[in-house]
Q: 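Encoded as structure tokens, here's the structure I'll be asking about.
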Amino acid sequence: MSQYITFLSDYGLTDEFVGVCHGVMLKLAPHATIIDVTHGIKPQSVREGAMVLAHAVAYMPVGSIHLAIVDPGVGTTSPAMIVTTADGSVLVGP
């Protein structure tokens, strides 16, 4: 598993969501370093999230896991999407 997990969301920072996500990630990967890209994406703005992620990924360590949670269907059942890139990086999102 990668030693770096980048995290981008539309959660904001006014509640416990980001902290809880950090806790869950570290329970599953205790030696990982979590890099918060931003949690200020406009709610449900997939386009904005995609643009920020596309810009940020180039500056992150090769082989990182990139977790992006900006879900226009909040409250619905949507499967996760996982894509592995040619350099071994992994993109994960709803």
Side-chain angles (χ1 to χ4, degrees):
M1 181 174 275
S2 174
Q3 62 181 359
Y4 296 102
I5 301 171
T6 72
F7 186 24
L8 174 149
S9 77
D10 61 353
Y11 288 165
L13 295 172
T14 59
D15 54 32
E16 75 281 5
F17 288 164
V18 171
V20 167
C21 288
H22 275 249
V24 170
M25 286 184 266
L26 292 172
K27 277 178 117 174
L28 297 171
H31 301 293
T33 299
I34 300 169
I35 302 169
D36 289 297
V37 176
T38 184
H39 301 292
I41 301 297
K42 290 180 196 82
Q44 302 175 339
S45 180
V46 174
R47 181 181 303 268
E48 180 186 0
M51 289 173 54
V52 170
L53 183 64
H55 181 258
V57 163
Y59 299 96
M60 300 300 159
V62 172
S64 294
I65 296 171
H66 304 285
L67 176 61
I69 304 174
V70 180
D71 190 354
V74 174
T76 62
T77 323
S78 57
M81 177 179 282
I82 301 170
V83 176
T84 303
T85 66
D87 71 5
S89 297
V90 178
L91 302 162
V92 180

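We're numbering straight along the sequence, starting at 1.
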Q: Ignoring hydrogens, what is the shortest heavy-atom contact between Ser89 and Gly63? Give both atom names and the distance.
A: OG-N, 3.1 Å
Q: Please identify each residue that fulfils side-chain contact (heavy atoms from CB on, under 4.5 Å) with Met25, with sequence neighbours left out.
A: Ile5, Phe7, Cys21, Ile34, Leu67
Q: Keeping to residues at least two apart or across chains, list the salt bridge (charged side-chain N to carboxylate O under 4.0 Å, His left out) pairs with something in residues 25-36.
A: none
Q: For the pair Ser64 (side chain) and His66 (backbone), establish whether a donor and an acceptor sit closer than 3.5 Å, ignoring hydrogens and angles.
A: no
Q: How close do Asp87 and Val62 get, heavy atom to heavy atom, and via which atoms?
A: O-CG1, 3.6 Å
Q: Is there a path of hydrophobic side-chain contacts, each under 4.5 Å between heavy atoms of I, L, V, M, F, W or Y residues, that connects Met51 with Tyr11?
A: no
Q: Between Val57 and Tyr59, is there a shared hydrophobic cluster once you connect ILVMFWY residues whose side-chain heavy atoms come closer than 4.5 Å?
A: no
Q: Where do His39 and Leu8 come nearest, in terms of heavy atoms and distance?
A: ND1-C, 4.3 Å
Q: If the condition is ring-ring contact (aromatic ring centres under 6.0 Å, His included), which residues does His31 pass it with, not counting sequence neighbours?
A: none
Q: Do the non-hydrogen side-chain atoms of Thr85 and Leu91 ever get within less than 4.5 Å of each other?
A: yes
Q: Atom CD1 in Ile35, atom OH in Tyr4: separation rounded to 0.5 Å?
A: 6.5 Å
Q: Keeping Asp10 on the side-chain end and Val70 on the backbone end, is there a donor-acceptor pair under 3.5 Å?
A: no
Q: With Val92 as reference, evaluate Val83, Ile82, Ile69 under the side chain to side chain contact (heavy atoms under 4.5 Å, CB included) test and give the passing residue.
A: Ile82
